[in-house]
Amino acid sequence: QVQLVESGGGLVQARGSLRLSCAASGSFFNIYAMGWYRQAPGKQRELVATITSKGETNYADSVKGRFTISRDNAKNSVWLQMNSLKPEDTAVYYCNAGVEVTAFTRARDYWGQGTQVTVSS
């Protein structure tokens, strides 16, 4: 009942910037949190940044001061502004949402298909 679609990935040079977008669609009661995770080849998926519907944010230490996450609750969308990119930021970035499908069920995690971000040195 919920779909997440990411966009904005691409190839960028080190110290450059990129902005990722994610929009949720479908039928649901509430999205209490959204975030971005990434997975590099041969690595496990890791948290990049999250944001709650109240605007509370959390960032991985590796991206603090460089990345900014924002959300529009009315549009069920989340963005990740990535500045001062480094080659080690290269990965597939996945949008995540904690979704309450109905008011009477536990929240479930939904994932987007991923968007590739490649940072050249």
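We count residues from 1, following the sequence as given. Fair warning: this is a prediction, and the values are worked out from it, not measured in the lab.
- Both Y93 and V63 are part of a single hydrophobic cluster, where members link through side-chain heavy atoms under 4.5 Å apart.
- W79 and S70 share no donor-acceptor pair across their side chains, judged by distance under 3.5 Å alone.
- In terms of heavy atoms, L80 sits closest to A49 at CD1-CB, 4.3 Å.
- Between the side chain of E6 and the backbone N or O of Y94, no donor-acceptor pair lies under 3.5 Å.
- Pairing each heavy atom of L4 with each of A24, the nearest pair is CD2-CB, 3.4 Å.
- Put simply, the side chain of T90 gets close to the backbone of V119: a donor and an acceptor are under 3.5 Å apart.
- Note: T57 OG1 to R71 CZ = 12.5 Å, rounded to the nearest 0.5 Å.
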Exercise for review: Carefully, step by step, assess I51 and V78 under the rule side chain to side chain contact (heavy atoms under 4.5 Å, CB included).
Suggested key: CA-CA 8 Å; I51 185 168; V78 64; 4.1 Å; yes

**Study point:** side chain to side chain contact (heavy atoms under 4.5 Å, CB included) assessment of F28 paired with Y110
**Key:** CA-CA 12 Å; F28 46 83; Y110 288 84; over 6 Å; no

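- Panel note: side chain Y59, backbone I69; a donor-acceptor pair is recorded below 3.5 Å.
- The residues K86 and D89 are annotated as not salt-bridged, no charged nitrogen and carboxylate oxygen being separated by less than 4.0 angstrom.
- By the 6.0 Å contact criterion, CD on Q13 is open, its count of non-hydrogen atoms from other residues, nucleotides or ligands being 12 or less.
- Remark: E88 CD is packed, more than 12 non-hydrogen atoms of other residues, nucleotides or ligands lying under 6.0 Å away.
- Taken from CD in Q81 to CZ in R66, the straight-line distance is 12.0 Å, to the nearest 0.5 Å.
- From M82, atom CE reaches atom OG1 of T68 across 11.0 Å, with rounding to the nearest 0.5 Å.
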**Study point:** Worked verdict on V117 versus L11 for side chain to side chain contact (heavy atoms under 4.5 Å, CB included)
**Key:** CA-CA 6 Å; V117 172; L11 176 64; over 6 Å; no

Exercise for review: May I have the step-by-step check of side chain to side chain contact (heavy atoms under 4.5 Å, CB included) for R15 and S84, ending in yes or no?
Suggested key: CA-CA 4 Å; R15 294 178 293 281; S84 302; 5.8 Å; no

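- Minimum heavy-atom separation, G114 to V92: CA-CG1, 3.8 Å.
- In this structure, R38 contributes its side chain and A91 its backbone to no donor-acceptor pair below 3.5 Å.
- In this structure, the separation between CD1 on I31 and CD on E100 is 10.0 Å, given to the nearest 0.5 Å.
- Between L18 and L85 there is a side-chain heavy-atom pair separated by less than 4.5 Å.
- Between the CE atom of M34 and the OG atom of S53 there is a distance of 11.0 Å, given to the nearest 0.5 Å.
- Between V48 and F67 the shortest heavy-atom distance is CG1-CD2, 3.7 Å.
- At distances below 3.5 Å, not a single donor-acceptor pair connects side-chain atoms of N96 with backbone N or O atoms of W36.
- Within 6.0 Å of CZ in R19 there are more than 12 heavy atoms belonging to other residues, nucleotides or ligands.
- Here the CG atom belonging to L20 is positioned 8.0 Å from the OG atom belonging to S7, to the nearest 0.5 angstrom.
- In this structure a side-chain-to-backbone donor-acceptor pair under 3.5 Å is missing from S17 to N83.
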